[in-house]
Student: 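Handing you this structure, nothing more for now.
Quick note on labels: first sequence line is chain A, next is B, and so on, each numbered from 1.
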Protein chains: 2
Amino acid sequence: MVTIYDVANKAGVGMKTVSRVLNDEAHVRPAMRARVLQAIEELGYRPNLAARQLAANRSFLISFIMNDVTSSYQTSMLVAASAECRRRNYHLVVEIMEPDESATGLVERVMANLRPDGIMLVPPLSNDADLIQAIANRGTKLVRVAATLQGYGHVVPVRDTEVSQKLVAHLLASGKKRIALIAPPYAKAAAHERVTGYKLALAAAELPLESDYIVQGDFTFASGKSATERLLGLPQPPDAIFAANDAMALGAMAVLQQRGIGIPEDMAVAGFDDSPGSRTVYPPLTTVRQPISGMARDAIAKLLGGPVDQEPLVPELIIRGSTQVGFVETVIAQDK
Amino acid sequence: MVTIYDVANKAGVGMKTVSRVLNDEAHVRPAMRARVLQAIEELGYRPNLAARQLAANRSFLISFIMNDVTSSYQTSMLVAASAECRRRNYHLVVEIMEPDESATGLVERVMANLRPDGIMLVPPLSNDADLIQAIANRGTKLVRVAATLQGYGHVVPVRDTEVSQKLVAHLLASGKKRIALIAPPYAKAAAHERVTGYKLALAAAELPLESDYIVQGDFTFASGKSATERLLGLPQPPDAIFAANDAMALGAMAVLQQRGIGIPEDMAVAGFDDSPGSRTVYPPLTTVRQPISGMARDAIAKLLGGPVDQEPLVPELIIRGSTQVGFVETVIAQDK
DNA sequence: GGATCTTGGTCACGATCTACGATGTGGCGA
DNA sequence: TCGCCACATCGTAGATCGTGACCAAGATCC
């Protein structure tokens, strides 16, 4: 195993100078730096991570805590964050929070063993008060993506209001008049901007807010189904459904197809998240794609320091066949 | 920070004895062991991972290499492996192989920095010859899940033949006579057992093997669509389609629904993987569920040592509405 | 008395941090 | 030209941490 001393010998410098070069410290002349770098190159030297962790008292690890691996939102964020960590020579360690696990237990387990330099949380955990408190108690650096809850740690904001409004406006523009909303559960604070956008769009079109048309869901496929059945049971059912996430929108579509109701002619359906399922149902689901990569980049930047995107990251409306008759799906084909 | 010396002092023993207790070594009397454990408990001592890594020359890390986070197969495996690692006080580090990344580059990047104690590969990477060779060159321990390619590393086998045969037999039993197969790409060796099962089922029913009914796919949604279009263009189209994975089966369903062909009355469709999409389409897709948790447990056991399941792990046939008229979907509801 | 078990001690492992020391280098005023 | 100071550059020493290799001394058992 080639060590820092071998590099120092080869370059004819002191070990400390090699260390300075490795850590981009000041007070090393360019010529000397080049000599050291060449020696590193020639020897194929790689610093021992464990030794660095021990001496520098940092781990070069980021803990990514998630609670649902079937969530494409969480897994997409995982990939993007992993790529960003790689650019900085950090590594991402995945921790999965079991349904029955306590926040303090999880934090104890992760922190005590791994001692990561930072923790990254994504919804719904980024608004979990217990978890945030447990992390705050330990003083570990924290970044929370799409968090609305104030508190400890950096926050990467979401901006779902505008795009939700645009989505509902699109439904209205395509001739729909009675737009229902399958709303997010109260606990998922991060998604309430979608409700706001819905209300703003109706107000802009000077349409009344029908309370019957707003049904609470819990982000699951099953809740989308039951919400839709309730909507269909109304004296005057809606002619379009905006679900606050894709899983519920897919539930809505399943019920409509079971009953032979035409999508989008008789009932348009739209979701939120651009999940894989949204691309593979028929007709493909109109939805919203989050700027996942940019958000992950910002999250890691806030954790480790570095430039954060200045222009605000905005989600993108993806119009597909579930809201548009005669939709040409060339876009979909290349998606995967 | 409380160190091993603090524990030794508190327990009134030598530091070395504490180390022996921590590592479950022999030659420590039960009474002494108990005293040490109590001191650890009272002080809330947690060994410094970096120091252990440095001294013991192991990292307590497993690298999990994946190339597609949208694949429910890979993410499910990730979760199960993560849970199993936790039980052993190991940690799972996720590495994502970029599409344009070379195998040697990836291995160099992962090994040089992290030096994990083992690497876990899942399909399709578990049959990637370049990657396996690069890992073999470094001598890192390796386990490959669902690998058919012989070579370096432990292998967790798949047993897809029997369940595939059972699936096709189910189609035949429900009155279908012309079963088509959307086959896996040649490169995905792991999936060829599904083809074998298909052929065995036809042979068992004394049906001829129609080469027109076997269309090659590439595991994508789009390839499932085009394969289905080809099948529908045949002089005598099939009355059932067995796709070698769920993505292609969903593609088949999309084409059928677009053309107004009834599922399952006019055409039954079955997939493979029990992906989230298979549960949220309408009608829900008949598919096969792999014993993911068991496979992940075996994989980690083979990597780190320990008991491996003796009874062979077999996949499970999940019959749903895409092949069975009047399917009652109470089972689905609780799936999430 | 010999064999085995139990316990403790010492050193190396390897990169960084803190702290300090030893040079070299340049500027400035006298 | 010399003395002096400020600063940049580079090196050294010890501490950090738990484990494995190795040895040694004592205890216990047959």
Side-chain angles (χ1 to χ4, degrees), chain A residues 1-40 43-61 89-91 111-117 304, chain B residues 1-40 43-61 88-91 111-115 117 304:
Chain A
M1 184 53 64
V2 37
T3 74
I4 197 173
Y5 291 96
D6 301 328
V7 176
N9 280 335
K10 176 115 184 168
V13 301
M15 174 269 279
K16 181 70 218 200
T17 300
V18 180
S19 174
R20 279 194 254 259
V21 171
L22 285 173
N23 293 283
D24 265 329
E25 289 176 31
H27 308 311
V28 181
R29 275 180 307 180
M32 189 73 83
R33 181 181 301 271
R35 229 164 70 201
V36 170
L37 288 175
Q38 190 187 344
I40 288 175
L43 292 173
Y45 165 73
R46 291 305 185 127
N48 185 314
L49 185 63
R52 300 186 79 183
Q53 290 175 348
L54 180 59
N57 204 27
R58 1 179 242 160
S59 62
F60 303 93
L61 298 175
N89 263 314
Y90 264 67
H91 289 266
M111 295 304 304
N113 284 311
L114 223 47
R115 310 188 193 189
D117 293 341
L304 302 181
Chain B
M1 184 54 64
V2 37
T3 74
I4 197 173
Y5 289 96
D6 301 328
V7 176
N9 280 335
K10 175 118 186 166
V13 301
M15 174 268 283
K16 184 70 224 197
T17 301
V18 180
S19 173
R20 278 194 256 260
V21 171
L22 285 174
N23 294 283
D24 265 329
E25 289 176 31
H27 308 309
V28 181
R29 275 183 307 180
M32 190 71 82
R33 182 180 301 271
R35 230 164 71 202
V36 170
L37 288 176
Q38 190 187 344
I40 288 175
L43 292 174
Y45 166 72
R46 290 303 184 128
N48 184 314
L49 185 63
R52 301 185 79 184
Q53 291 174 349
L54 179 60
N57 205 26
R58 13 180 231 156
S59 62
F60 302 92
L61 298 175
R88 296 163 174 264
N89 263 315
Y90 265 67
H91 289 266
M111 295 305 304
N113 284 312
L114 222 49
R115 310 189 192 188
D117 293 341
L304 302 181

Student: Starting from P on D:dT16, measure out to CZ on A:Arg115 and report it in whole angstrom.
Tutor: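 Checked: the CZ to P distance equals 15 Å.
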Student: Protein within reach of the bases, or only the backbone? For nucleotides 17-27 of chain C, mark each nucleotide 5' to 3' as B, S or -, using heavy atoms under 4.0 Å.
Tutor: BB---------
Student: Quick one: side chain to side chain donor-acceptor pair (under 3.5 Å) partners of B:Thr3, sequence neighbours excluded?
Tutor: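 Side chain to side chain donor-acceptor pair (under 3.5 Å) check on B:Thr3 returns nothing, list empty.
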Student: Tell me, do B:Leu304 and B:Phe60 make a side-chain contact under 4.5 Å, heavy atoms counted?
Tutor: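 The answer is no; the side chains never approach within 4.5 Å.
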Student: Take the protein atom CZ of A:Arg35 and the nucleotide atom C1' of D:dT9, then report the distance between them rounded to whole Å.
Tutor: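 Interatomic distance, CZ of A:Arg35 to C1' of D:dT9: 13 Å.
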Student: Tell me, yes or no, whether the heavy-atom count around B:Asp6 atom CG, taken from other residues, nucleotides or ligands under 6.0 Å, exceeds 12.
Tutor: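 For B:Asp6, atom CG is crowded (more than 12 foreign heavy atoms under 6.0 Å).
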Student: Separation of A:Gln53 atom CD from D:dA15 atom C1', in whole Å?
Tutor: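 To the nearest whole Å, that distance equals 18 Å.
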Student: Ignoring hydrogens and angles, tell me if any N or O in the side chain of A:Arg46 forms a donor-acceptor pair with the backbone of B:Ala112 under 3.5 Å.
Tutor: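 No, A:Arg46 side chain to B:Ala112 backbone: no donor-acceptor pair under 3.5 Å.
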Student: DNA chain D: B:Leu22 or A:Thr17, which has the more 5' nearest nucleotide?
Tutor: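 Looking at DNA chain D, the more 5' nearest nucleotide goes with A:Thr17.
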Student: Do any side-chain nitrogens or oxygens of A:Tyr5 fall under 4.0 Å of OP1 or OP2 in C:dT16?
Tutor: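 Answer is no, no contact under 4.0 Å.
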Student: Pick base, sugar-phosphate or nothing for A:Leu49, based on heavy-atom distances below 4.0 Å to the nucleic acid.
Tutor: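 Result for A:Leu49 = nothing.
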Student: Between A:Arg29 and D:dC10, is there a side-chain N or O to OP1/OP2 distance below 4.0 Å?
Tutor: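 Yes.
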Student: Starting at the 5' end of DNA chain C, which residue's closest nucleotide do you reach first, B:Leu54 or B:Val18?
Tutor: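 Checking each residue's closest nucleotide, the 5'-ward one belongs to B:Val18.
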Student: Kindly point out which of C:dT6, C:dT16, D:dA8 is positioned nearest to the side chain of A:His27?
Tutor: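 Among C:dT6, C:dT16, D:dA8, the one nearest the side chain of A:His27 is D:dA8.
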Student: Which whole-number value in Å describes the distance from A:Asn9 CG to C:dG14 P?
Tutor: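 Taking atom P of C:dG14 as the reference, CG of A:Asn9 is at 14 Å.
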Student: Given side chains that start at C-beta, do those of B:Arg33 and B:Asp24 come closer than 4.5 Å, heavy atoms only?
Tutor: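 They are in contact (side-chain heavy atoms under 4.5 Å apart), so the answer is yes.
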Student: If we ignore angles and hydrogens, is there a donor and acceptor under 3.5 Å between the side chains of A:Asn23 and A:Arg52?
Tutor: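 A pair is found: one side chain offers a donor N or O, the other an acceptor, under 3.5 Å apart.
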Student: What is the distance from CZ of B:Arg52 to C1' of D:dT16, rounded to the nearest Å?
Tutor: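 Taking atom C1' of D:dT16 as the reference, CZ of B:Arg52 is at 17 Å.
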Student: Can you measure A:Ile4 atom CD1 to D:dG11 atom C1' for me and round it to whole angstrom units?
Tutor: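 My rounded result for the distance is 13 Å.
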Student: Might you work through the side-chain contact (heavy atoms from CB on, under 4.5 Å) test for B:Leu114 and B:Leu61, ending with a clear yes or no?
Tutor: CA-CA 8 Å; B:Leu114 222 49; B:Leu61 298 175; 3.9 Å; yes
